[in-house]
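What follows is a single structure, written as structure tokens, with notes after it.
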Amino acid sequence: MIRFFLKQRISDREFRLGHRITLEEIAKETGIHRTTLSKIANKKGYNCTTDNLDKLCEFFGCRIEELAEYLPSSADTE
């Protein structure tokens, strides 16, 4: 399963800029629909396109591993 760190990246950016960042603001700057951003942030195991990951990495100025990580399922670890 892929785990996303969107909420953490938003929090880091808010701290750096000193103001609240909304999903609407991210949507406007990246072209990713607000509903999609909400699913990435809140839905466990959401299937995100690489195009959206690329846009988010560019927006946050981060590497992919700062935005997502692979977690093996329990079936893979047995």
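Count residues from 1 along the sequence.
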Pairwise distance [atom1]([X]) to [atom2]([Y]) - rounded to 0.5 angstrom:
{"X": "Glu14", "Y": "Thr22", "atom1": "CD", "atom2": "OG1", "value": "9.0 Å"}
{"X": "Leu56", "Y": "Thr30", "atom1": "CG", "atom2": "OG1", "value": "6.0 Å"}
{"X": "Asn52", "Y": "Phe4", "atom1": "CG", "atom2": "CZ", "value": "9.0 Å"}
{"X": "Leu37", "Y": "Glu24", "atom1": "CG", "atom2": "CD", "value": "9.0 Å"}

Trace of the side chain to side chain contact (heavy atoms under 4.5 Å, CB included) decision for Arg20 with Glu25: CA-CA 10 Å; Arg20 187 166 184 270; Glu25 180 182 336; over 6 Å; no
Within one Ile-Leu-Val-Met-Phe-Trp-Tyr cluster: Phe5 and Tyr70, side-chain cutoff 4.5 Å: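 No; Tyr70 is not reachable from Phe5 via cluster members.
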Hydrophobic cluster membership, Phe15 vs Leu6, 4.5 Å side-chain cutoff: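 Different hydrophobic clusters.
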For Thr35, side-chain hydrogen bond (donor to acceptor under 3.5 Å, both in side chains) partners two or more places apart: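 For Thr35 the side-chain hydrogen bond (donor to acceptor under 3.5 Å, both in side chains) partners, ignoring immediate neighbours, are His33.
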4.5 Å side-chain heavy-atom contact, Leu53 and Ile40: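 No, their side chains stay 4.5 Å or more apart.
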Check: Ile10 and Leu23 side chains under 4.5 Å, non-hydrogen atoms: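 They are in contact (side-chain heavy atoms under 4.5 Å apart), so the answer is yes.
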Pairs involving residues 55-72, ordered by first then second residue, that meet salt bridge (Lys or Arg N to Asp or Glu O under 4.0 Å) (sequence neighbours left out):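 Qualifying pairs: Arg3-Glu69, Asp51-Lys55, Arg63-Glu65.
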Cation-aromatic face contact Arg9/Phe59, 6.0 Å, 45 degrees: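 Output no; distance or angle outside limits.
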